2 protein chains.
Amino acid sequence: MIELEQILKKNNVKPTAMRLLVLQFLLNKKSAISLTDVEDYFVKSDRTTLYRTLKTFVESELAHKIDDGTGITKYALCEENCHCEIETDLHLHFHCKLCNETSCLTDHKIPNISLPKNFIAEDVNLVVKGICNKCNSN
Amino acid sequence: MIELEQILKKNNVKPTAMRLLVLQFLLNKKSAISLTDVEDYFVKSDRTTLYRTLKTFVESELAHKIDDGTGITKYALCEENCHCEIETDLHLHFHCKLCNETSCLTDHKIPNISLPKNFIAEDVNLVVKGICNKCNSN
DNA sequence: TAGTGTATGCAATGGAAGTGCATTAATTTG
DNA sequence: CAAATTAATGCACTTCCATTGCATACACTA
């Protein structure tokens with residue numbers, strides 16, 4: 001529990017009850033989660049609060065936003081010391097068409113991308129869709 | 001004009017007036033366009049018809065859908081003989097934060113991606129965000 | 001020409017993201 | 001410690017886009 005507080009404080013986020021709970025929830029999830037996922041879990045809480053909690057996490061580089069192409073924004077905790085830098089931190093995301101889960105393949109960093117002259121890259125999003133290992137083995 | 005018809009017929013799409021016009025519009029655009037873009041251009045036409053026209057184009061592999069992370073679906077014509085295959089056809093998309101335009105970098109195919117064991121890739125989406133060459137030179 | 005299938009237009013729905021404002025909690029300051 | 005300021009939460013509401021249902025119009029075929 002105290003660890004959770006440390007994580008928040010380290011990123012300059014005040015450890016409110018709600019934030020601790022959401023952080024815990026995120027930590028327990030292996031795959032990326034949507035606002036609705038969080039909402040369904042914390043039935044008593046207000047959607048807006050959860051929305052803003054996630055937003056806060058993203059802004060303080062505790063979590064990152066994932067656009068997996070489903071149209072529903074997903075969130076996942078960043079790795080330790082992540083600053084969402086293109087070269088070092090960004091990894092690819094995998095969306096499984098069967099189980100509908102989106103996961104971070106943190107070991108698979110975004111390959112180096114060469115752009116045409118005068119283009120400046122500030123952010124890269126790489127999503128692979130298909131069938132994940134779990135669904136494939138069934 | 002006749003060429004437009006040929007394009008449609010080649011992909012088994014009946015060349016209605018609306019479709020010819022939308023196809024023309026797409027041909028003239030260098031960057032990807034949204035449904036709203038088309039709607040704004042063809043003021044007299046109904047949004048649904050345009051929506052379905054684009055949908056038809058995508059289904060018949062005449063155009064591809066682009067999720068550039070803005071939350072607004074974009075469309076762009078496929079290249080000649082494109083079948084949206086991962087290895088050969090998929091290219092990266094660039095979204096400029098300044099001019100807000102999304103463009104196909106068709107010369108930049110998606111780099112080969114190695115996935116963990118038992119993962120099957122069926123589709124890949126690679127979007128780079130930043131500043132495009134036009135905006136960068138101003 | 002009648003009939004069938006496809007395309008179009010209108011209306012309405014649904015889902016998600018986001019905002020404004022009032023209320024409550026927490027923190028700072030006199 | 002109390003007052004005052006700031007931040008977090010909860011509720012209501014708005015906006016925007018994607019999508020669907022159904023009725024009408026058009027086009028092609030027998």
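Side chains included, hydrogens not; waters and symmetry mates left out as well; all remaining heavy atoms used. The structure presented is a predicted model; accordingly, all values stated were derived computationally and were not measured.
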(message) One character per nucleotide, please: for nucleotides 17-30 of chain D, 5' to 3', B when the base has a protein heavy atom closer than 4.0 Å, S when only the sugar-phosphate does, - otherwise.
(response) SSBBB---------
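Per the geometry, CG belonging to A:Asp46 stands 14 Å off P belonging to C:dA17, to the nearest Å. The distance between atom CE of A:Met18 and atom C1' of D:dA7, rounded to the nearest whole Å, is 16 Å. The distance between atom CD of A:Glu39 and atom C1' of D:dT9, rounded to the nearest whole Å, is 15 Å. Taking atom CG of A:Asp37 as the reference point, atom P of C:dG15 lies 15 Å away to the nearest angstrom. Distance, A:Phe42 CZ to D:dT9 C1': 15 Å, rounded to whole Å.
To the nearest 0.5 Å, atom CD1 of residue B:Ile131 and atom OG of residue B:Ser137 are 11.0 Å apart.
Between B:Lys109 and B:Glu79 there is a salt bridge, since at least one side-chain N of the basic residue sits less than 4.0 Å from a carboxylate O of the acidic one. Between A:Lys134 and A:Glu101, at least one side-chain N (NZ, or NE/NH1/NH2) sits under 4.0 Å from a carboxylate O, which counts as a salt bridge.
Remark: aromatic rings of B:His64 and B:His93 are close, center separation under 6.0 Å.
Phosphate proximity of D:dA8 to A:Thr53: absent, as no side-chain N or O sits under 4.0 Å from OP1 or OP2.
Partner of A:Phe25 under the ring-ring contact (aromatic ring centres under 6.0 Å, His included) criterion, out of A:Tyr41, A:Phe57, A:Tyr75: A:Tyr41 alone.
The environment of B:Lys97 atom NZ is dense: over 12 non-hydrogen atoms of other residues, nucleotides or ligands sit within 6.0 angstrom.
In this structure, B:Thr49 reaches the bases: a heavy-atom distance under 4.0 Å links it to at least one base atom across the strands shown.
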